[in-house]
Amino acid sequence: MITRLNSRLHCFINLTGNFITTSFLLPSSSRLGFEFTPHSTSLASLLHSTSFSNNGDPPLSRYQKVTSLDHAFNLFDEMIQRKSLPYVIKFNQLLNAVTKMKHFSSCLDLFKQMCVIGVPFSKYSMNIAIKCCCQMSRTNDGFALLGCCFRRAVVPNVFIFSTLLDGLIHEDRIIEAERLFKKLIKHKLCEPDVVMYSTMIKGLCKFGNNDIAIGLLRLMDESGCKPNVVIYSTIIDSLCKDKLIEDASKLFNEMVFAKGIQPDVITYNSLIHGLCNLCRWDEVSKLLKEMEDLRISPDLHTFSILVDALCKEGRVDEAEAVIDIMVERRVVPDIVTYNTLIDGYCLRGEMTKARTLFDSLTSKGFVPNVVTYSSLLNGYCKSLKIEEAMHLFHEITRKGLKPDIVSYGAMLQGLFRVGRCGAARKFFDGMRAQGLIPDECTYGIISDGLCNNHQVEEALSLFHLVGDSKLNSNIVVYTILIEGASKCGKFDIARDLFQDLTLKGLQPDVQTYTVMVSGLCGEGLLKEAKHLFRKMGESGCPPDGEMDGRRYSLDASTLSMLIDEIADGSVDRSMLKLIGKLVPKEMMDTLA
DNA sequence: GTAGGGTTAG
């Protein structure tokens, strides 16, 4: 292990060298060049200057380099108090700067003021305003602004339509997005360009339509719009997220070798992330080496992905070493990096280390966020240190943050684990009183907690009572209930649930099958267990044989049944491979 | 001279 660690670290060190310095030099020199560019003397600008002279304005960067919201408002007030208003471009630059700081609501306020004062807005300002609406999940308001465009004879262009399309996708309104996209093409309202295609492709990928996304990629190519690295990276990332690494890699090769499009750090980050999730470390190293050869330097995302993956594997020491290298290479870790490491300590139950790092964050200049707190909460709860968790939970509010469903979920899990079902109930009620809507994960925690506290009846009645599609159509919740029912001797109910989920059209996953097979074994129904295990192999579960190898395991009695099967010779190679993947690591160690 | 798209954490 030490040797492997060293070689990987050397790889990181080598590949991060040499590339950092140039990126630090670039901005200031290019800014100089920009500031001294003389103003254009075109007819358009002469016309502008008659009504909106720039009044000897400072260089443009003043509007673009706004550092805070206060700064932006002061500048805006100063602008509107002048005798003759500055160019609309300067307003747009200011609006854009506010948007970049993610103060969408304030940006809209400024936009409204502009309209009231009578600054003649352009496509640019309109697009910024529409983007603000969309980013706040108020895409309908964005469409209302589109109406204003028509009324004010501002002809919307491909930028504005792309922004609206993105807004619909952001709100998961994929059907409407698709309809809009098709309508734009059909009625020739605008010619889709590479950005619009990439937005639509992102939407398709978001809803699991990788094949259609690839279809659209082919279509755009045929219709003369050349795909670029963003388009390919979007689909590659989606394939990686679906664990379809081979398909992703095929597309990557097509992009590089057939199309001659150079990958960038984002393309590599997606691939590395996908491989990390599958624990395919050798290939991760290979990609890092490839990046080095192409002189693509790993960035904050790359390092965060590696830190996270190492932590999830329990290799926290290596994760720490990666952070040291980051610091050495002047890639500054952010709160995400540290949260990931805190989570890594918590996963291993190293709460002292987690706490120490947490306490040191402020002096490092970081402000812990709700994710930081949730990780630590989760750690305390898993270590059954409920009082510490309670204390920390109250601290979240004291620090002016709001606990979210994940924070509540951690507390619920902890309380159930120490058998405090009543207190869990109170937390659940408190959570809803805060206006937080429980998700499948919350229901999973509650079902699991109740089952483990011998309250299977409660869990089942909750399941039937809620009648909510979230709870009733989630395979994880089904699996928890099946396990709960079969472990407390209610195998009939487990069997009913299993049938029920199939009837609902849900696809049992490896965990569901494993739990059912174990249940059947426990009931002595070996024949049926064998039958179901075979069905699991035949049903193509797990798809494409790609599993992350962390979450699934077989218990001893099921394994012993399977060993009989293997001895019989009635298990084929692919099944053998699957069994291998289902055997927990600890059990392998014991056998060895 | 200004506006739209892809990667990270609980």
Side-chain angles (χ1 to χ4, degrees), chain A residues 34 37-40 42 44-45 48 54 59-61 63-64 87-97 99-100 121-132 134 156-167 169 190 193-203 205 228-238 240-241 263-274 276 298-309 311-312 333-344 346-347 368-379 404-407 409-410 441:
Chain A
F34 188 53
T37 304
H39 280 231
S40 154
S42 69
S45 73
H48 264 296
N54 76 357
L60 286 175
S61 55
Y63 302 94
Q64 294 165 313
Y87 286 150
V88 64
I89 290 173
K90 307 207 184 245
F91 281 102
N92 293 341
Q93 285 174 333
L94 184 64
L95 290 188
N96 196 35
T99 311
K100 291 269 145 62
F121 63 74
S122 63
K123 282 172 197 172
Y124 294 84
S125 15
M126 204 38 127
N127 191 42
I128 297 170
I130 292 175
K131 188 181 177 188
C132 289
C134 293
N157 60 8
V158 68
F159 280 74
I160 288 178
F161 285 123
S162 295
T163 307
L164 286 165
L165 193 68
D166 196 52
I169 290 161
C190 72
D193 65 1
V194 68
V195 175
M196 184 171 264
Y197 275 112
S198 85
T199 307
M200 196 59 235
I201 283 176
K202 175 182 73 177
C205 288
N228 61 11
V229 64
V230 175
I231 300 264
Y232 273 100
S233 298
T234 306
I235 306 176
I236 287 171
D237 183 67
S238 177
C240 286
K241 288 208 167 79
D264 62 13
V265 65
I266 298 180
T267 326
Y268 276 103
N269 285 348
S270 290
L271 286 167
I272 288 172
H273 194 205
C276 282
D299 64 1
L300 184 57
H301 280 161
T302 325
F303 283 113
S304 283
I305 290 164
L306 294 171
V307 169
D308 178 49
C311 283
K312 287 207 172 98
D334 65 355
I335 189 72
V336 176
T337 325
Y338 285 113
N339 282 351
T340 309
L341 188 59
I342 287 176
D343 201 51
C346 289
L347 279 176
N369 58 22
V370 70
V371 178
T372 329
Y373 276 100
S374 296
S375 286
L376 209 54
L377 271 183
N378 191 36
D404 62 7
I405 49 171
V406 184
S407 329
C441 198

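The analysis underlying the following values was restricted to heavy atoms, covering all of them including side chains, and did not include hydrogens, waters or symmetry mates. Below, chain A is the first sequence line, B the second, and so on; all start at residue 1.
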Between A/Tyr338 (OH) and B/dT8 (P), how many Å, whole number?
21 Å

Check every strand shown and say whether A/Met196 touches a base, only sugar-phosphate, or nothing at a heavy-atom separation below 4.0 Å.
base

Using a 4.0 Å heavy-atom cut-off, does A/Ile130 contact any base of the nucleic acid, only the sugar-phosphate backbone, or nothing at all?
nothing

Which listed nucleotide (B/dG10, B/dA3, B/dT8) is nearest to the side chain of A/His273?
B/dT8

Rounded off to whole Å, could you give me the CG-to-C1' distance for the A/Asn127 and B/dG5 pair?
12 Å

If I compare all heavy atoms of A/Ser125 with all of A/Ser122, which pair ends up nearest, and what's the gap?
OG-N, 2.8 Å

Hey, does A/Lys123 reach any base, or is it just sugar-phosphate, or nothing, if we go heavy atoms under 4.0 Å?
base

In whole angstroms, how far is the C1' atom of B/dT8 from the CD1 atom of A/Ile272?
12 Å

Nearest to the side chain of A/Asp237, heavy atoms from C-beta on, is which of B/dG10, B/dG5, B/dT7?
B/dT7

Quick one: which of B/dT8, B/dG10, B/dG6 gets closest to the side chain of A/His301?
B/dT8

Tell whether A/Ser304 reaches the base of B/dT8 with its side chain through a donor-acceptor pair below 3.5 angstrom.
yes

Give one of base, sugar-phosphate or nothing for A/Val307, where a contact means two heavy atoms less than 4.0 Å apart.
nothing

Any base atoms under 4.0 Å from A/Val265, or only sugar-phosphate, or nothing? Heavy atoms, all strands.
nothing

If the cut-off is 4.0 Å, is A/Asn339 near the phosphate of B/dG10, judged by side-chain N/O to OP1 or OP2?
no

When all nucleic acid strands are considered with a 4.0 Å heavy-atom cut-off, which category describes A/Ser198: base, sugar-phosphate, or nothing?
base

Looking at B/dG10, I'd like to know if its phosphate oxygens (OP1 or OP2) sit under 4.0 Å from a side-chain N or O belonging to A/Lys312.
yes

Tell me which nucleotide among B/dT8, B/dG4, B/dG10 gets nearest to the side chain of A/Asn96.
B/dG4

Phosphate contact (B/dT2 OP1 or OP2) by A/Lys131 side-chain N/O below 4.0 Å
no

Looking at B/dT2, I'd like to know if its phosphate oxygens (OP1 or OP2) sit under 4.0 Å from a side-chain N or O belonging to A/Lys100.
no

Side chain of A/Val194 - closest among B/dT7, B/dG5, B/dT2
B/dG5

Any donor-acceptor N or O pair under 3.5 Å, side chains A/Ser407, A/Asp404:
yes

Touch class at under 4.0 angstrom, heavy-atom based, for A/Thr372 against every strand present
nothing

Which atom pair, heavy atoms only, marks the closest approach of A/Pro263 to A/Val229?
CA-CG2, 4.0 Å

Ignoring hydrogens and angles, answer whether the base of B/dG4 and the side-chain atoms of A/Thr163 contain a donor-acceptor pair closer than 3.5 Å.
no

Restricting to non-hydrogen atoms, name the atom on A/Asn92 and the atom on A/Tyr124 that form the minimum distance, rounded to 0.1 Å.
ND2-CB, 3.5 Å

Heavy-atom closest pair, residues A/Ala410 and A/Leu377:
CB-CB, 4.1 Å

Quick one: A/Ile231 CD1 to B/dT7 P, roughly how many Å, whole number?
13 Å

Does the base of B/dG6 carry an N or O that pairs as donor and acceptor with the side chain of A/Ser233 under 3.5 Å?
yes

Nearest-Å distance for atom pair OH/P, residues A/Tyr373 and B/dA9:
22 Å

When you measure only distances, ignoring hydrogens and angles, does the side chain of A/Asp404 come within 3.5 Å of the base of B/dG10 through a donor and an acceptor?
yes

In whole angstrom, give the distance that lies between atom CD1 of A/Ile160 and atom P of B/dG5.
14 Å

Hey, is A/Phe159 doing a stacking thing with B/dA3, by the 5.5 Å centroid and 30° angle criteria?
yes

The side chain of A/Asn378 lies closest to which of these nucleotides: B/dT7, B/dA3, B/dG10?
B/dG10

For the pair made of CD1 in A/Ile128 and P in B/dT2, what is the distance, rounded to whole Å?
11 Å

Carboxylate-amine/guanidinium contact A/Lys202 A/Asp166, below 4.0 Å
yes

Donor-acceptor pair under 3.5 Å, A/Ser162 side chain vs B/dG4 base:
yes

A/Tyr124 has its side chain closest, among B/dT8, B/dT2, B/dG10, to B/dT2

Tell me whether the side-chain N or O atoms of A/Asp193 pair up with the base of B/dG4 as donor and acceptor below 3.5 Å, since no angle test is needed here.
yes

hbond_proxy A/Ser374 side chain to B/dG10 base (donor-acceptor, 3.5 Å cutoff):
yes

I need the minimum non-hydrogen distance between A/Leu347 and A/Cys311, along with the two atoms involved.
CD1-O, 4.1 Å

Rounded to whole Å, NZ of A/Lys241 lies from C1' of B/dT7 at a distance of 7 Å

N/O donor-acceptor pair, side chain A/Asn228 with base B/dG5, under 3.5 angstrom
yes

Would you indicate what A/Asp308 reaches in the nucleic acid, counting non-hydrogen atoms under 4.0 angstrom: base, sugar-phosphate, or nothing?
sugar-phosphate

Hydrogens and angles aside, do A/Asp299 and A/Asn269 bring a side-chain donor and acceptor to less than 3.5 Å of each other?
yes

